[in-house]
Peer 1: 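Following this message is one structure expressed as structure tokens.
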Amino acid sequence: RHCRVEKKEMRVRDLGLGFDSDEIVLFKFCVGSCQAERTNYDLALKALLENGSLPRRTARKVSSHPCCRPDRYEPVSFMDAKTTWRTIQSLSAASCMCMG
């Protein structure tokens, strides 16, 4: 399936950002395949990786296909355990696209 936004209700504490809150927020994230978005660069790089033309230590650090990532973000607001209103900028994906 193509690159898209999915949503899941999460406890703020489970997001791993160090905030003490049991409040539930809607976290939006990117999932999906970008195989249809491959360019000539991606196809050539894949061939070079497969035929051993690139040094092994370099090949481990290279991705030969685009990935599904947020291209726009939106803030998430919640109340922490000390009843302080918090807003975290650029936390949730607003839209996704194939990048790379």
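Side chains included, hydrogens not; waters and symmetry mates left out as well; all remaining heavy atoms used.
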Peer 1: Looking at side-chain heavy atoms only, is the closest gap between Val25 and Leu15 below 4.5 Å?
Peer 2: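 Counting from C-beta outward, Val25 and Leu15 do come under 4.5 Å.
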Peer 1: Which atom pairs, donor and acceptor, lie under 3.5 Å between side-chain atoms of residues 90-100 and protein residues at least two apart or in another chain?
Peer 2:
unit_1: Ser92; atom_1: OG; unit_2: Lys28; atom_2: N; d: 2.7
unit_1: Ser95; atom_1: OG; unit_2: Asp71; atom_2: OD1; d: 2.5
unit_1: Ser95; atom_1: OG; unit_2: Arg72; atom_2: NE; d: 3.4

Peer 1: Under the disulfide bond (SG atoms under 2.5 Å apart) rule, what do Cys3 and Cys68 come out as? Steps first, then yes or no, please.
Peer 2: CA-CA 5 Å; Cys3 182; Cys68 183; 2.1 Å; yes
Peer 1: Search all heavy atoms of His2 against all heavy atoms of Ala36 and return the closest pair with its distance.
Peer 2: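 So the minimum-distance heavy-atom pair works out to CE1-CB, 4.3 Å.
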Peer 1: Do you know which two heavy atoms are closest between Ser21 and Met79, and how far apart they sit?
Peer 2: OG-O, 2.8 Å
Peer 1: Tabulate below the donor-acceptor pairs under 3.5 Å that side-chain atoms of residues 47-58 make, not counting sequence neighbours, or state none.
Peer 2:
unit_1: Glu50; atom_1: OE2; unit_2: Lys46; atom_2: NZ; d: 2.9
unit_1: Asn51; atom_1: OD1; unit_2: Ser53; atom_2: N; d: 3.0
unit_1: Asn51; atom_1: OD1; unit_2: Ser53; atom_2: OG; d: 2.5
unit_1: Asn51; atom_1: ND2; unit_2: Ala47; atom_2: O; d: 3.3

Peer 1: What heavy-atom pair brings Lys7 and Leu26 nearest, and what distance separates the two atoms?
Peer 2: CB-CD1, 3.8 Å
Peer 1: Nearest 0.5 angstrom please: Asn40 CG to Leu45 CG, how far?
Peer 2: 12.5 Å
Peer 1: Is the side chain of Glu9 donor-acceptor paired with the backbone N or O of Ile24 at a distance under 3.5 Å, no angle test?
Peer 2: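 No; judged by distance alone, with no hydrogens or angles, the pair does not exist.
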Peer 1: Please identify each residue that fulfils salt bridge (charged side-chain N to carboxylate O under 4.0 Å, His left out) with Arg38, with sequence neighbours left out.
Peer 2: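 By the salt bridge (charged side-chain N to carboxylate O under 4.0 Å, His left out) rule, Arg38 matches no residue at all.
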Peer 1: Are Tyr73 and Phe29 linked, directly or through intermediate hydrophobic residues, by side-chain heavy-atom contacts shorter than 4.5 Å (ILVMFWY only)?
Peer 2: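 No; tracing contacts between hydrophobic side chains, which count when under 4.5 Å, never links both residues.
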Peer 1: Answer yes or no: are there more than 12 heavy-atom neighbours, outside Arg13 itself, under 6.0 Å from its atom CZ?
Peer 2: yes
Peer 1: Same cluster or not: are Ile88 and Val5 linked, directly or through other Ile, Leu, Val, Met, Phe, Trp or Tyr residues, by side-chain heavy atoms under 4.5 angstrom apart?
Peer 2: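 No; Val5 is not reachable from Ile88 via cluster members.
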